[in-house]
Amino acid sequence: MANEDSESQQLTIEIQPKLVPIHDLTQTKWRYLFLFFDCTLCLGNYFAYDTPSVLQPEIMDRLHINSFEFNWFYSVYSFPNMILPFFGGFLSDTFGSRLAVFIFSLLVCFGQAIFALAITIESFPIAVLGRFIFGLGGENLCVVQGTILAEWFTGKELSMAYGMTISIGRLGSVINNILEPQFYSSTGSVVFGLWFGLFLCILSLILGLFLIFMDIHKDTLLGPSKKKSSEKIKISDIKSFNFGFWMLSGNCLVVYICVLTFNSIASLYFQTRFNFSSIEAGYFISITYIVAALFSPIFGILADRLGRHIYWIFSSALMMLIVHVIFILLPDCDKCIWGGLNLIILGMGYSIYGSTMWGSIPFLVDSYAAGTGFGIVTAAQNTGMTIGPIIVGAIHYKTEHQYGYTYVSLFFIIVAVIGVTTASMLWVWDRKNGQHLFTAKIYDSSRLESANEQEDLSKTLAIN
Ligand SMILES: NCCCC[C@H](NC(=O)[C@@H](N)CCCCN)C(=O)O
């Protein structure tokens, strides 16, 4: 009997550490449904963001504006977002991600509604206002999309989850590229496509409400888990963000220039250098996003299995460098496919980078500051998206007559070299600071501090 008792005791002791609270939805299959809602959260935003560029000549015609004025639709989106996502992330840490999801989704819908209405009534200033409001919500929504996901996929499957968000988002961009011209050719007006964009934004908002309900339900099942006051974010906490985090932010700024800024000029690039028509060039520039939509979750799963996030980040930065070196070395040619094949490498590099870089933020900042962390990295990304096209445009304007795209490619190579350098510095830093980006360990500064204190104490004891 005594023997039986001790056996059952042993059994309990062995099993207990493996038990997970069954009320924790993040440990059940429900998390995949949550992931679905999280992915669709930005679908409308991704779709509607790219609509003006696809319908550029038609919108310019309708509003009687030139290309400089047209570019306002993109600058009023990106320029404020060099700063705003930081506040959006901070707001989400302070008041909770759920409220942030709701507010930013509403702003996206509101902004797109104003934009669609403005194009309908042919008012350029109101259209600019609409894009501005759309931008206020859009990038911040992407910040909360990432933050709330980190709460559901703590550590494991995080890169896969981020890969999925990129996959669905970029699918939205590709669907926009395909559908909008068709809407235009069948209705003869740009207006239908814009209202359809609003419909998708509202759909994202409605699915976002399901996401909010699931998150509330998760917390109700878990019981009240009040944050300690020490765990509430303060602006001054940013000063204590580590060097690795700032290196990652800088890396994000430059690597995204190599992908997205290049993609924004790729249509003209393919028409000029490889003699494709604008429709053919349109197919080519979709390659990067199609590859990203297909491969981001796959590379995410690989990164979750193998860890070593820093290897993935470094390799993808290196791939950007290779892509732009190939572009500068490729001779101009008539309808040759080499440039298109190079875009496959670019899409692969983007897939690896997107899923592992965003997935690395929780390894570098405390969970209570995750929103602010995502906000800062998104602000850095938008800084690149704002200054990148301006620099490329200026270089192209000054050098195209004599040198074609050579100096533009040289610019991308320099930026990619900075990407490889910052990734290397991050690697070195990580090796000396807990190897979080190697072992995929969630960051916890309080544990680090106590570990350091413990190390100091054992050193003191050893000396004594
Ligand atoms: N939510 C974490 C993943 C972000 C993915 C990243 N996002 C962006 O580029 C944003 N600036 C969204 C742009 C969508 C149009 N407003 C991406 O690689 O797509």
Side-chain angles (χ1 to χ4, degrees), residues 35 38-53 73-74 76-78 80-82 84-85 88-89 92 97 100-101 104-105 107-108 111-112 115 131-150 152-153 158-174 176 197 200-201 204 211 252-253 255-261 263-264 288-289 291-293 295-297 299-300 316 346-347 349-362 370-371 373-386 388:
L35 176 60
D38 193 76
C39 288
T40 53
L41 198 60
C42 290
L43 184 66
N45 172 247
Y46 271 90
F47 181 95
Y49 173 79
D50 288 317
T51 307
S53 67
F73 294 148
Y74 285 92
V76 289
Y77 183 100
S78 302
N81 278 315
M82 288 164 73
L84 286 176
S92 143
S97 311
V101 164
F104 297 137
S105 297
L107 279 175
V108 166
Q112 178 63 13
F115 185 67
R131 283 294 279 190
F132 173 72
I133 297 173
F134 178 74
L136 290 189
E139 289 303 291
N140 280 320
L141 192 58
C142 286
V143 172
V144 236
Q145 179 194 44
T147 315
I148 202 162
L149 205 54
W152 278 72
F153 289 82
L158 199 56
S159 300
M160 177 278 294
Y162 287 120
M164 281 304 299
T165 61
I166 293 177
S167 174
I168 302 295
R170 291 303 163 194
L171 206 62
S173 312
V174 174
N176 171 74
L200 281 187
C201 293
S204 290
L211 171 124
C252 171
L253 189 158
V255 173
Y256 264 100
I257 289 184
C258 296
V259 188
L260 299 190
T261 303
N263 221 47
S264 70
T288 316
Y289 289 163
V291 171
F295 285 92
S296 298
F299 284 120
S316 46
L346 185 67
Y350 173 36
S351 311
I352 298 174
Y353 190 75
S355 48
T356 53
M357 189 282 295
W358 296 102
S360 294
I361 298 172
F374 273 103
I376 292 174
V377 178
T378 306
Q381 186 211 13
N382 275 283
T383 305
M385 292 304 90
T386 309

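Order of appearance sets the numbers: ligands from 1, and atoms from 1 within every ligand.
- Residue Tyr77 has at least one heavy-atom neighbour below 4.0 Å for each of these atoms of ligand 1: 15 (C), 16 (N).
- Annotation for ligand 1: atoms under 4.0 Å from non-hydrogen atoms of Arg170 are 9 (O), 17 (C), 18 (O), 19 (O).
- Polar contact with ligand 1: present for Gln381 (N/O pair, distance under 3.5 Å).
- In this structure, Asn81 and Thr378 have side chains that are not in contact, with every pair of non-hydrogen atoms separated by 4.5 Å or more.
- By the 4.0 Å heavy-atom criterion, Phe374 is excluded from the residues contacting ligand 1.
- Residues Tyr289 and Asn263 form a side-chain contact, since some pair of their non-hydrogen atoms from C-beta on lies under 4.5 Å apart.
- Here the options are Phe374, Phe299, Phe153, Trp358, the test is ring-ring contact (aromatic ring centres under 6.0 Å, His included), and the partner is Tyr162; only Phe374 passes.
- Heavy atoms of Gly138 come nearer than 4.0 angstrom to ligand 1 in no pair at all.
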Notebook entry, point to check: For Thr261 and Tyr256, what are the C-alpha separation, side-chain angles and deciding distance, and is it a side-chain contact (heavy atoms from CB on, under 4.5 Å)?
Noted result: CA-CA 7 Å; Thr261 303; Tyr256 264 100; over 6 Å; no

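- Under a 4.0 Å criterion applied to the non-hydrogen atoms of Asn45, ligand 1 contributes the atoms 14 (C), 15 (C), 16 (N).
- Atoms OG and CD, on Ser204 and Gln145 in that order, are 9.5 Å from each other to the nearest 0.5 Å.
- Contact of the Leu35 side chain with the Met164 side chain is registered, since non-hydrogen atoms from C-beta on lie closer than 4.5 Å.
- Short contacts between ligand 1 and Gln145, defined as distances under 4.0 Å to a heavy atom of the residue, involve ligand atoms 1 (N).
- Between Cys142 and ligand 1, an N or O atom pair is found at a separation short of 3.5 Å.
- Annotation: Glu139 places an N or O atom under 3.5 Å from an N or O atom of ligand 1; distance criterion only.
- Residue-level proximity to ligand 1 for Met385 is absent, since no heavy atom of it falls below 4.0 angstrom.
- Under the 30°/60° scheme for interplanar angles, the aromatic rings of Tyr74 and Tyr49 are found to stand perpendicular.
- When only non-hydrogen protein atoms are considered, atom 19 (O) of ligand 1 lies nearest to Tyr46 OH, 2.5 Å.
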Checklist line | Check against side-chain contact (heavy atoms from CB on, under 4.5 Å), Phe134 and Leu107 | finding: CA-CA 6 Å; Phe134 178 74; Leu107 279 175; over 6 Å; no

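- Counting atoms of ligand 1 from 1 in the listed order, those under 4.0 Å from a heavy atom of Ile166 are 5 (C).
- Of all the atoms in ligand 1, the ones that sit under 4.0 Å from a non-hydrogen atom of Tyr350 are 17 (C), 18 (O), 19 (O).
- Here Leu346 contributes atom CG and Ser316 contributes atom OG; the two are 11.0 Å apart, rounded to the nearest 0.5 Å.
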